[in-house]
Amino acid sequence: MLERLDADLAETDSQGRPIMFGKVAVVAVVGNEDGAHKVIADMMQGLNDVGFSIPAQGGTYWVGEAMQTVDYNDLEKVHDAVASAVGVLARNAAHLARVLQSEPYPAK
């Protein structure tokens with residue numbers, strides 16, 4: 001995905017801003033191995049590099065026990081901590097999107 005976004009680095013809007021400016025990105029990682037923080041950090045850096053804005057606590061994850069077979073889609077109930085983190089992520093992303101819509105980044 002990031003490689004495809006790299007193709008748009010030279011694209012600008014009518015005021016000369018990169019086309020991803022003013023867009024908000026979040027990262028969600030699911031799986032049953034550790035390393036979610038590293039994946040989130042790498043993805044956020046890559047998304048920011050191409051111009052996306054990242055909200056506070058804009059990354060969330062769920063990982064099951066290592067070497068086990070339970071995937072997120074197989075859970076009978078989403079854990080409260082995960083549901084809470086996703087709620088904060090969604091509220092912060094929506095807030096940042098509203099702010100950027102009403103007050104875009106300055107043009108050249």
Would you name the heavy atoms of V63 and A36 that are closest together and state the gap between them?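 Distance-wise, the nearest heavy atoms are CG1-CB, 4.3 Å.
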At their closest point, which heavy atom of L100 faces which heavy atom of S53, and how far apart are they?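 Heavy atoms only, the tightest pair is CD1-OG, 3.6 Å.
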Quick one: do V26 and I54 satisfy side chain to side chain contact (heavy atoms under 4.5 Å, CB included)? Show the steps, please. CA-CA 6 Å; V26 298; I54 310 294; over 6 Å; no
If you group Ile, Leu, Val, Met, Phe, Trp and Tyr by side-chain heavy-atom gaps below 4.5 Å, do L96 and V27 land in one group?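 Different clusters.
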When clusters are formed by joining ILVMFWY residues with side-chain heavy atoms under 4.5 Å apart, either directly or through shared neighbours, do I19 and L9 land in the same one?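 Both belong to a single hydrophobic cluster.
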If you round to the nearest 0.5 Å, how far is [atom2] of [Y] from [atom1] of [X]?
| X | Y | atom1 | atom2 | value |
| --- | --- | --- | --- | --- |
| M20 | N48 | CE | CG | 13.0 Å |
| L5 | F52 | CG | CZ | 5.5 Å |
| K23 | Q101 | NZ | CD | 11.0 Å |

Would you give me the side-chain donor-acceptor pairs under 3.5 Å for residues 74-89, sequence neighbours excluded?
{"residue": "K77", "atom": "NZ", "partner": "D80", "partner atom": "OD1", "Å": "3.1"}

Can a donor-acceptor pair be found, under 3.5 Å and without considering hydrogens, that links the side chain of [X] to the backbone of [Y]?
| X | Y | value |
| --- | --- | --- |
| R17 | Y105 | yes |
| N92 | P55 | no |
| D8 | E11 | no |

List the residues meeting salt bridge (charged side-chain N to carboxylate O under 4.0 Å, His left out) with D6, not counting sequence neighbours, and say none if there are none.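 Counting only residues at least two positions away or on another chain, D6 forms no salt bridge (charged side-chain N to carboxylate O under 4.0 Å, His left out).
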Would a 4.5 Å heavy-atom cut-off, applied to side chains only, mark L47 and M1 as touching?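 Heavy-atom side-chain distance check passes, below 4.5 Å.
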Verdict with supporting geometry, Y61 and I40, side chain to side chain contact (heavy atoms under 4.5 Å, CB included): CA-CA 8 Å; Y61 66 92; I40 290 170; 4.0 Å; yes
